Amino acid sequence: MSERKTIYLCLAHMSETGEELKYVKEAFDTNWVVPMGPNVNAFEKDLETFVNRGQNTDRRVICLSAGTAAVHLALLACGVGPGDEVCVQSFTFCASSHPITYLGAKPVFIGSEKDTWNMDPDLLEVAIIDRKKKTGRYPKAIVPVSLYGMPYQIDRIMEIANRYDIPVVEDAAERMGSRYDGRALGTFGKFGVLSFNGNKMITTSGGGALICRTKEEADEIMWYATQARDAYPYYQHTAIGYNYRMSNVCAGIGRGQMTVLNDHIAHHKHVQTLYEELFADVPEIHIHKQPDDLRYDANFWLCAATIDKDAHVVGQENAYKEVIKTAVGGAAGVIHSVDTAVTDCQPNENVEALRVFMLDKMVECRPLWKPMHKQPVYDGTDVYTNGVEEELFKVGFCLPAGPYVTDDDVRYIVECIKEAIRN
């Protein structure tokens, strides 16, 4: 195994027919190397066909520079501003909560329930009532997340949101292709957010999109995404706009990627099933599965698992003994150095030891998202939790599942984990 490839957590790959190159070349040949153009328009139409499939709807999609930009503009369109509060899932990536602060608003973090690991409806309602009691106002928006592609408890969250007349911005960044009761995730709330980062179900290298219910909403989002210019023969602005439109070159990649989206979804589901089968005789490892409810249809963007807290992993006595030099997972860019290897909320020693052991086997096994209410940047922020997401962070990890992961890779990964916990 010394010459084995590195098995990454999740990387999208290009279509076999090279459709991406055709559209990218077209962008260069026609000199549409700008944040707009024919590829952007066509990619939006492809996405609209996908999200409206099987529904009597005409939702519009606006392609943007990032999923984070989509969250930002959705919150702006919901009227979020300075001093407002937004209920957001704590167990998620920072792109779900940071845009709230861009607008001068405050996140109110909501904990998770055990079945889907997503926003707990009971805690959400407690938070809504309590915030009204303490501030005199209801939260301005709700941002649920479908973690790792798993649908959240949509019926209950939407019923609560509708009862208190609070708009929902669905962070569907990790769930392109996931469905609930036959509908694409991202189409239940007022807005839905998609991501096309390099590790998502399909990629444009970087980029995202916002699903809007009507043409009027889409036009307003487009206005803000293109610097909010008014209709004069010169540049005049009556609002602060943003340079958030997707590049025509990136959209060309996206058009090609749409041809393999269904293949990617099928592959991720297949890998999930294989992990479930191969770990069936490993009592220390528990694969995260979708609820036994036919309405749930997860894309399994990442296959997640937990390990028993008392399971011993090779090398765990050395866990957290040294400060790491680089960030774990993804294209981290520049990171700040730290002077301690530990924090007050971190994975258990056996989870960290498993990460290190698997890295030596050339396999990326990344920790789960650290709850946002435990992040130093949000110290003192209001949170409503029952501790589920904190416990999951301590015992959970992600397994490689992308299109490059073969059946043999999965078998190798499982055998390596068995070796790690049985030596």
Side-chain angles (χ1 to χ4, degrees), residues 7-10 89-93 96 110-121 144-154 171-180 185 199-201 265-309 311 313 329 347-348 350-352 354-355 358 363-371 385-402 405 409-410 413-414 416-418 420-421:
I7 305 174
Y8 292 103
L9 207 61
C10 182
Q89 187 165 311
S90 180
F91 203 18
T92 184
F93 182 53
S96 305
I110 311 298
S112 296
E113 39 83 11
K114 294 181 179 179
D115 289 340
T116 71
W117 298 4
N118 294 312
M119 182 180 284
D120 186 317
V145 182
S146 288
L147 202 69
Y148 305 126
M150 185 70 68
Y152 61 98
Q153 291 190 14
I154 292 173
D171 186 343
E174 300 175 2
R175 58 191 189 242
M176 181 71 175
S178 293
R179 292 183 176 269
Y180 180 82
L185 270 66
N199 63 354
K200 294 301 190 293
M201 295 299 288
I265 295 168
H267 175 80
H268 281 252
K269 290 181 177 180
H270 168 73
V271 169
Q272 168 75 14
T273 299
L274 191 54
Y275 276 127
E276 291 180 14
E277 293 174 354
L278 295 177
F279 276 119
D281 64 347
V282 186
E284 302 92 338
I285 303 294
H286 311 277
I287 297 295
H288 182 40
K289 303 176 183 180
Q290 67 184 9
D292 188 18
D293 182 332
L294 294 179
R295 293 174 299 176
Y296 284 81
D297 185 12
N299 65 6
F300 296 107
W301 170 59
L302 292 183
C303 297
T306 61
I307 182 171
D308 290 343
K309 62 180 64 177
V313 171
N348 290 340
N350 60 357
V351 175
E352 171 61 8
L354 183 62
R355 181 190 70 81
M358 296 301 286
V363 177
E364 185 183 22
C365 281
R366 201 182 302 172
L368 302 181
W369 298 126
K370 181 171 181 173
T385 180
N386 50 21
V388 168
E389 67 287 343
E390 293 179 39
E391 183 59 29
L392 287 169
F393 177 58
K394 292 177 182 178
V395 300
F397 59 96
C398 295
L399 293 159
V405 177
D409 290 334
V410 174
I413 290 165
V414 173
C416 288
I417 291 176
K418 289 180 179 179
I421 62 180

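These numbers were taken from a predicted model, which means no experiment stands behind them.
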- Message: Filter on salt bridge (Lys or Arg N to Asp or Glu O under 4.0 Å), then keep only pairs touching residues 293-308, sequence neighbours left out; what's left?
- Response: D155-R295, K269-D297, D293-R295
- Query: Taking E113 for the side chain and D120 for the main chain, is one N or O donor matched with an acceptor at less than 3.5 Å?
  - Reply: no
- Task: Would you name the heavy atoms of I265 and G177 that are closest together and state the gap between them?
- Result: CD1-CA, 3.5 Å
- Message: Could you check whether any side-chain N or O of N348 sits under 3.5 Å from a backbone N or O of N350, counting only pairs where one atom can act as donor and the other as acceptor?
- Response: no
- Item | Counterpart residues, side chain to side chain donor-acceptor pair (under 3.5 Å), relative to N118 (two or more places apart) | Q89, T116
- Output every pair passing salt bridge (Lys or Arg N to Asp or Glu O under 4.0 Å) with a member in residues 270-283, not counting sequence neighbours, ordered by first then second residue. D281-K418
- Who passes side chain to side chain contact (heavy atoms under 4.5 Å, CB included) against C10, sequence neighbours left out? H268, W301, L302
- For F93, which residues count as a ring-ring contact (aromatic ring centres under 6.0 Å, His included) partner, sequence neighbours excluded? W369
- Message: Could you work out, with side chain to side chain donor-acceptor pair (under 3.5 Å) as the rule, every residue matching K309, not counting sequence neighbours?
- Response: E391
- Report the residues that fulfil ring-ring contact (aromatic ring centres under 6.0 Å, His included) with Y296, sequence neighbours left out, ordered by chain and then residue number. Y180
- Go through the structure and list residues passing side chain to side chain donor-acceptor pair (under 3.5 Å) with S112, not counting sequence neighbours. none
- Message: Looking at every heavy atom in both V405 and Y8, which two are closest together, and how far apart are they?
- Response: CG2-O, 4.1 Å
- Message: Once you measure the plane-to-plane angle for H270 and H267, does it fall in the parallel (<30°), tilted (30-60°) or perpendicular (>60°) bin?
- Response: tilted
- Return the set of residues passing salt bridge (charged side-chain N to carboxylate O under 4.0 Å, His left out) with K394 (not counting sequence neighbours), or none when no residue passes. none
- Note on the structure: For S146, the side chain to side chain contact (heavy atoms under 4.5 Å, CB included) test, sequence neighbours excluded, returns Y152, R175, L185
- Message: Under the rule for side chain to side chain donor-acceptor pair (under 3.5 Å), what residues qualify as partners of T306, not counting sequence neighbours?
- Response: none
- Note on the structure: Residues P400 and V271: closest non-hydrogen pair is O-CG1, 4.0 Å
- Query: Can you list the residues that meet the ring-ring contact (aromatic ring centres under 6.0 Å, His included) rule with H288, with sequence neighbours excluded?
  - Reply: W117
- Message: Please find the pair of heavy atoms, one from M150 and one from P291, that lie closest to each other, and give the distance.
- Response: SD-CD, 4.0 Å
- Task: Check for a donor-acceptor pair, side chain of E364 on one end and backbone N or O of L9 on the other, with a separation under 3.5 Å.
- Result: yes
